Visitor: 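One structure, pasted below without further comment.
Model, not experiment: these values are computed from the prediction. Indexing begins at 1, ligand by ligand and atom by atom, following the structure's order.
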Amino acid sequence: MASEARDRVFGKGVFIRGLIEFSNHCRNDCLYCGIRRSNRQAERYRMTPDEILATCSAGHELGFRTFVLQSGEDPFYGPGIVAEIVSGIKASFPDSAVTLSLGEHPPESYALWRAAGADRYLLRHETRNPGHYATLHPRNMNIDSRVRCLRTLKELGYQVGCGFMVGSPGQTPELLAEDLLFIRDLKPHMVGIGPFIPHKDTPLASAPPGDVDETLFLLGILRLMDPTLLIPATTALGTLDGTGREKGVMAGANVIMPILTPMGVRDKYLLYDNKICTGDASSVCRMCVQRRMESIGHEIDTARGDHPDLAFRASPGTPPAPAPSAV
Ligand code: SAM
Ligand code: FES
């Protein structure tokens, strides 16, 4: 039913987003995350604005028309630097959308980046329940502040994505119901969910991973709750199950986010153990996801892929990108 609901709004097209993980430095210490501040084993890196732009350029050649800039909360990239990176990308690739996924920041920074041209923002709420949130995060973080950020981002006109990990330690069906009710209330444009996967150098190293079938079930619920949502089949789902991303699309997802992070550093952005695609060049990933989607009767859609409510306003007259001719 979820797959049919998705087809009625989006057809068989699956949007692609090029994910650029430009820094794995983080001031936060989320208990589940492999790049948390306290993980002394993580080999840290930062990409320069020029390297980020060059990565977008390579991605544009491959047909990407959305670039997702993701990092830990890294104070090195102050609000002005991020704004320059965003406006640089928008000036070079006016036909492309920029999505930011940089964590919690003051409203002024979000406003500055929006004015610089950022189109979308991903900020998973992780869990709506304050008690559960407190078991997964250090004391200085709280769900109220995360929700405030999401509401501010919406007010600023971003296409906003929230979401959570499936099977995070302590999660119960009741807590998942709270997450779904929160999503119904927030009305985001995107929802990212993927299974929790333990990382060996975190306090949650010995916790069991989330369940693939439960993740697929929840993807279906989300699609039926709001058929217009942009929902990725995540890398984490593909990590736990060799055909997890295909199953995610068959369960109702309509977005896939191949990694564009350059080879020299992509194996250092390790949020969880055994992450897939860390040894593959971007061009290989691009064609790999295309083959995978075609194997289940879907096709890659190289348009910007805005939310249906905004698609016309956000990209009037923008032609879809051509498919890459070769790898
Ligand atoms: N710093 C930004 C933020 O906090 O939103 C973006 C980067 S953060 C690493 C991106 C997402 O990775 C988090 O929202 C979390 O849901 C997910 N993540 C982190 N550790 C994970 C794990 N062990 N298993 C699965 N997903 C994880
Ligand atoms: Fe990266 Fe398949 S998506 S190798």
Visitor: What's the spacing between Thr135 OG1 and Gln171 CD if we round to 0.5 Å?
Guide: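 Separation between the atoms: 10.5 Å.
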Visitor: If you draw the axis of the six-membered ring of Phe164, does the NZ or CZ of Arg124 fall within 45° of it and under 6.0 Å from the ring centre?
Guide: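 Negative - Arg124 is either too far from the ring of Phe164 or too far off its axis.
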Visitor: How close do Thr243 and Arg292 get, counting heavy atoms only, and between which atoms?
Guide: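 That would be CA-NH1, 4.4 Å.
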Visitor: Which residue in the set Thr127, Asn129, Thr172 passes side-chain hydrogen bond (donor to acceptor under 3.5 Å, both in side chains) when paired with Glu178?
Guide: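 Exactly one option meets the side-chain hydrogen bond (donor to acceptor under 3.5 Å, both in side chains) with Glu178, and it is Asn129.
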Visitor: Using a 3.5 Å cut-off on N or O atoms only, is Tyr32 in polar contact with ligand 1?
Guide: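 Indeed, backbone or side chain, Tyr32 has an N or O that close.
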Visitor: If we only count N/O pairs under 3.5 Å, is Glu126 in contact with ligand 1?
Guide: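 Yes - when backbone and side-chain N and O of Glu126 are compared with those of ligand 1, one distance drops under 3.5 Å.
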Visitor: Taking atom 11 (C) of ligand 1 as the reference point, report whether a protein heavy atom occurs under 4.0 Å from it.
Guide: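 Protein heavy atom within 4.0 Å of atom 11 (C) of ligand 1: absent.
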Visitor: Using distance alone, determine whether Tyr269 and ligand 1 share an N or O pair under 3.5 Å.
Guide: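 Tyr269 vs ligand 1: no N/O contact under 3.5 Å.
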Visitor: Going by the atom numbers of ligand 1, which of them fall below 4.0 Å from some non-hydrogen atom of Gln70?
Guide: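 Listed by number with element: 6 (C), 7 (C), 10 (C).
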Visitor: Is the shortest distance from a heavy atom of Ser71 to ligand 1 less than 4.0 Å?
Guide: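 Heavy atoms of Ser71 do come under 4.0 Å of ligand 1.
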Visitor: With heavy atoms under 4.0 Å as the rule, classify the contact between Ser101 and ligand 1 as side chain, backbone, both or neither.
Guide: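 Ser101 to ligand 1: contacts from backbone and side chain alike.
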Visitor: Would you give the length of the straight line joining atom CG of Asp179 to atom NE2 of His125, rounded to the nearest 0.5 angstrom?
Guide: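 Between atom CG of Asp179 and atom NE2 of His125 there are 3.5 Å.
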Visitor: Is it the case that ligand 1 has an N or O less than 3.5 angstrom from some N or O of Arg124?
Guide: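 Yes; the residue has a nitrogen or oxygen that sits under 3.5 Å from a nitrogen or oxygen of the ligand.
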Visitor: Would you say Thr234 and Ile193 make side-chain contact, with heavy atoms under 4.5 Å?
Guide: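 No, too far: nothing below the 4.5 Å cut-off.
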Visitor: Out of all atoms in ligand 1, which are within 4.0 Å of some heavy atom of Arg146? Include the element for each.
Guide: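 So the answer, numbered in order with elements, is 3 (C), 4 (O), 5 (O).
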Visitor: Would atom 8 (S) of ligand 1 count as contacted, meaning some protein heavy atom under 4.0 Å?
Guide: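 No, there is none.
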Visitor: Does Ile197, backbone or side chain, put an N or O under 3.5 Å from an N or O of ligand 1?
Guide: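 Yes, Ile197 has an N/O under 3.5 Å of an N/O on ligand 1.
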Visitor: If you count the atoms of ligand 1 from 1 in the order shown, which ones are under 4.0 Å from a heavy atom of Leu271?
Guide: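 Near Leu271, meaning under 4.0 Å from one of its heavy atoms, ligand 1 has 9 (C), 12 (O), 20 (N), 22 (C), 23 (N).
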Visitor: Quick one: which residue pairs count as a side-chain hydrogen bond (donor to acceptor under 3.5 Å, both in side chains) with a foot in residues 106-118, not counting sequence neighbours?
Guide: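 Counting only pairs at least two positions apart or across chains, no side-chain hydrogen bond (donor to acceptor under 3.5 Å, both in side chains) contact touches residues 106-118.
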Visitor: Judged by non-hydrogen atoms, does Met165 sit under 4.0 Å from ligand 1?
Guide: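 Right, Met165 reaches ligand 1.
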Visitor: Between His25 and Ser71, does any side-chain donor sit less than 3.5 Å from a side-chain acceptor?
Guide: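 No, because no side-chain N or O of His25 sits under 3.5 Å from a partner of the opposite role on Ser71.
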Visitor: Does at least one non-hydrogen atom of Pro195 fall below 4.0 angstrom from an atom of ligand 1?
Guide: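 Yes, Pro195 has a heavy atom closer than 4.0 Å to ligand 1.
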Visitor: Who pairs with Lys154 by salt bridge (charged side-chain N to carboxylate O under 4.0 Å, His left out), at least two apart in sequence or on another chain?
Guide: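 Testing Lys154 for salt bridge (charged side-chain N to carboxylate O under 4.0 Å, His left out), a comparison that skips the adjacent residues, returns none.
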